[in-house]
S.K.: 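First the structure, which I've put down as structure tokens, then a few questions once you've had a look.
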Amino acid sequence: YLNENLIPWKPIKGSGGYVAPARISAVTCLVKMARGERADGQEIADMLKLMPSRLDDGGELFVRGTKKWFEDADNRKKIYPVTLAESDCFGATDKFKELVSSGHYKELLEDPARKAVAAAEKHGLEAIKAPTVRVGTCHASKGLESDHVVAFNQVPNPTVRACEEQTGMDEECRMWYTTVTRARHKL
């Protein structure tokens with residue numbers, strides 16, 4: 001549901017959701033440039049990893065050697081934040097500028113990055129940089145609180161079998177109590 005509706009989320013524990021720092025940095029660069037805002041050297045470097053150097057028709061998006069130059073962290077620090085109009089200073093071609101300004105750059109992105117761009121356009125860059133929706137199991141939510149909690153009642157087969165005995169049922173009841181008491185305001 002969350003992914004289908006472009007709602008940025010992060011797991012309570014582990015990885016997944018919108019927790020992909022380099023991808024989010026690259027998407028931030030592209031969205032900022034499309035808006036006429038400035039992107040910094042690290043965002044540009046991450047964007048270069050995400051975008052192809054050439055198009056299928058042979059057109060170049062970046063001057064030869066641009067991606068290699070950005071592999072050096074010291075070089076990335078030398079780049080001051082730039083707008084799309086100034087992007088030739090780091091090796092972007094007119095074709096790159098055209099794709100970004102028209103929004104057609106999205107067609108070159110893989111699905112996760114394309115969805116992150118759509119989520120950023122819908123909810124803002126901060127929503128994909130620091131998602132406030134957290135997803136996890138009842139067990140992972142122990143000790144945490146949130147203003148709003150949604151609990152789904154899908155019970156896995158091992159839990160169903162464990163509930164056939166009184167001790168398993170008691171444990172499951174304690175777990176549900178823990179789950180429903182995570183909400184500060186609304187369950």
Side-chain angles (χ1 to χ4, degrees), residues 1-137 140 146 150:
Y1 175 85
L2 297 175
N3 290 337
E4 293 166 7
N5 291 288
L6 304 172
I7 298 171
W9 62 276
K10 65 182 176 184
I12 290 175
K13 293 182 179 176
S15 61
Y18 281 70
V19 181
R23 181 187 311 130
I24 297 305
S25 176
V27 165
T28 297
C29 176
L30 290 164
V31 170
K32 282 181 174 180
M33 287 190 163
R35 292 178 179 172
E37 299 171 14
R38 295 184 180 280
D40 66 34
Q42 185 59 55
E43 292 167 342
I44 294 167
D46 290 331
M47 178 271 299
L48 289 168
K49 292 175 191 170
L50 196 69
M51 297 290 288
S53 296
R54 285 193 160 79
L55 300 174
D56 291 338
D57 66 8
E60 290 190 348
L61 296 180
F62 307 102
V63 174
R64 186 174 176 85
T66 300
K67 290 187 176 196
K68 183 77 173 161
W69 190 85
F70 269 89
E71 289 175 7
D72 184 338
D74 291 332
N75 286 341
R76 289 192 293 269
K77 292 175 187 170
K78 293 176 188 174
I79 296 291
Y80 58 90
V82 296
T83 64
L84 181 61
E86 303 163 329
S87 62
D88 53 341
C89 77
F90 69 78
T93 64
D94 287 340
K95 186 64 178 173
F96 172 78
K97 292 178 183 181
E98 177 187 318
L99 284 171
V100 173
S101 63
S102 68
H104 291 291
Y105 71 92
K106 298 172 205 170
E107 297 164 15
L108 302 174
L109 301 176
E110 292 183 10
D111 195 48
R114 196 174 316 120
K115 285 181 178 178
V117 169
E121 291 173 344
K122 185 175 181 179
H123 301 288
L125 284 172
E126 280 308 308
I128 66 167
K129 287 180 181 180
T132 56
V133 175
R134 297 180 301 168
V135 176
T137 65
S146 205
V150 177

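Computed from a predicted structure; not experimentally measured.
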S.K.: Between the side chain of Arg76 and the main-chain N/O of Gly41, is any donor-acceptor distance below 3.5 Å?
M.R.: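 Between the backbone of Gly41 and the side chain of Arg76 there is no qualifying donor-acceptor contact (under 3.5 Å).
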
S.K.: So which heavy atom on Ala92 is nearest to which on Phe96, and how close?
M.R.: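 Looking at all heavy atoms of both residues, the shortest contact is CB-CD2, 3.5 Å.
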
S.K.: Between Ala120 and Val31, what is the shortest heavy-atom contact and its length?
M.R.: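 Where Ala120 meets Val31 most closely, the heavy atoms are CB-CG2, 4.2 Å.
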
S.K.: Of all heavy-atom pairs between Ala85 and Lys97, which one has the smallest distance, and what is that distance?
M.R.: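 So the two residues come closest at O-NZ, 3.4 Å.
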
S.K.: Using the rule given for side-chain contact (heavy atoms from CB on, under 4.5 Å), can you reason through Leu50 versus Leu109, listing the C-alpha separation, both sets of side-chain angles and the distance that settles it, and then say yes or no?
M.R.: CA-CA 7 Å; Leu50 196 69; Leu109 301 176; 3.7 Å; yes

S.K.: Sequence neighbours excluded, which residues qualify as side chain to side chain donor-acceptor pair (under 3.5 Å) partners of Ser146?
M.R.: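 So Ser146 forms no side chain to side chain donor-acceptor pair (under 3.5 Å) with any residue.
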
S.K.: Supply the atom-to-atom distance Arg114 CZ to Leu108 CG, rounded to the nearest 0.5 angstrom.
M.R.: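 Separation between the atoms: 9.0 Å.
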
S.K.: To the nearest 0.5 Å, what is the distance between OG1 (Thr83) and CE (Met33)?
M.R.: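 One finds 7.0 Å between OG1 of Thr83 and CE of Met33.
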
S.K.: If you compare all heavy atoms of Lys32 against all heavy atoms of Arg38, which two are closest, and at what distance to 0.1 Å?
M.R.: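 So the two residues come closest at CD-O, 3.1 Å.
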
S.K.: Just wondering, do Val27 and Met47 contact through their side chains at under 4.5 Å, heavy atoms?
M.R.: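 Result no, sub-4.5 Å side-chain heavy-atom pair not found.
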
S.K.: Between Asn5 and Lys122, what is the shortest heavy-atom contact and its length?
M.R.: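 That would be O-NZ, 3.3 Å.
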
S.K.: Stepwise, does the side-chain contact (heavy atoms from CB on, under 4.5 Å) test hold for Trp9 with Arg134?
M.R.: CA-CA 6 Å; Trp9 62 276; Arg134 297 180 301 168; over 6 Å; no

S.K.: Please round to the nearest 0.5 Å and tell me the distance separating atom CD1 of Ile79 and atom SG of Cys89.
M.R.: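 It comes to 5.0 Å.
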
S.K.: Can you tell me if His123 uses its side chain to pair, donor with acceptor, with the backbone of Leu6 under 3.5 Å?
M.R.: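 Checking the backbone N and O of Leu6 against the side chain of His123, a donor-acceptor pair under 3.5 Å is found.
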
S.K.: Has the side chain of Asp88 got a donor or acceptor atom that lies under 3.5 Å from a matching backbone atom of Gly91?
M.R.: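 Absent.
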
S.K.: Less than 4.5 Å apart, side chain to side chain, heavy atoms only: is that true for Tyr1 and Val150?
M.R.: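 Heavy-atom side-chain distance check fails, nothing below 4.5 Å.
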
S.K.: Could you please spell out the steps behind the side-chain contact (heavy atoms from CB on, under 4.5 Å) verdict for Asp40 and Tyr80?
M.R.: CA-CA 6 Å; Asp40 66 34; Tyr80 58 90; over 6 Å; no

S.K.: When you compare the side chain of Leu99 with that of Glu107, does any pair of heavy atoms fall below 4.5 Å?
M.R.: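 The answer is no, as the side chains (C-beta and beyond) never meet within the 4.5 Å cut-off.
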
S.K.: Return the set of residues passing side chain to side chain donor-acceptor pair (under 3.5 Å) with Lys78 (not counting sequence neighbours), or none when no residue passes.
M.R.: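 Only Asn75 meet the side chain to side chain donor-acceptor pair (under 3.5 Å) criterion with Lys78.
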
S.K.: To the closest 0.5 Å, what do you measure between OG1 (Thr132) and CD (Glu126)?
M.R.: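 One finds 11.0 Å between OG1 of Thr132 and CD of Glu126.
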
S.K.: CZ of Phe90 to CH2 of Trp69: how many Å apart, nearest 0.5 Å?
M.R.: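 Between Phe90 CZ and Trp69 CH2, I get 10.5 Å after rounding to 0.5 Å.
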
S.K.: Cut-off 3.5 Å, no hydrogens considered: what does the side-chain donor-acceptor table look like for residues 54-63, sequence neighbours left out?
M.R.:
unit_1, atom_1, unit_2, atom_2, d
Arg54, NH2, Glu60, OE2, 2.7
Asp57, OD1, Gly59, N, 2.8

S.K.: Taking all non-hydrogen atoms of both residues into account, name the closest pair between Gln42 and Ser25 and its distance.
M.R.: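 Smallest heavy-atom distance, with atoms named: O-OG, 3.9 Å.
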
S.K.: Could you go through Lys129 and Thr28, starting from their C-alpha distance and side-chain angles, then the distance that decides it, and tell me whether this counts as side-chain contact (heavy atoms from CB on, under 4.5 Å)?
M.R.: CA-CA 8 Å; Lys129 287 180 181 180; Thr28 297; 3.5 Å; yes

S.K.: Within a strict 4.5 Å, meaning less than it, do heavy atoms of the Pro11 and Val135 side chains meet?
M.R.: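 They are not in contact (no side-chain heavy atoms under 4.5 Å apart), so the answer is no.
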
S.K.: Could you check if a side-chain atom of Met51 sits within less than 4.5 angstrom of a side-chain atom of Leu30, using non-hydrogen atoms only?
M.R.: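 They are in side-chain contact.
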
S.K.: Check step by step if salt bridge (charged side-chain N to carboxylate O under 4.0 Å, His left out) holds for Glu4 and Lys115.
M.R.: CA-CA 9 Å; Glu4 293 166 7; Lys115 285 181 178 178; over 6 Å; no

S.K.: Does the side chain of Cys29 come within less than 4.5 Å of Asp46's, by heavy atoms?
M.R.: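 They are not in contact (no side-chain heavy atoms under 4.5 Å apart), so the answer is no.
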
S.K.: Pro8 and side chain to side chain contact (heavy atoms under 4.5 Å, CB included): which single residue from Ile128, Val133, Leu2, Asn3 fits?
M.R.: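 Exactly one option meets the side chain to side chain contact (heavy atoms under 4.5 Å, CB included) with Pro8, and it is Ile128.
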
S.K.: Tell me, yes or no, whether the heavy-atom count around Lys77 atom NZ, taken from other residues, nucleotides or ligands under 6.0 Å, exceeds 12.
M.R.: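 Atom NZ in Lys77 is not packed in, count stays at 12 or less.
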
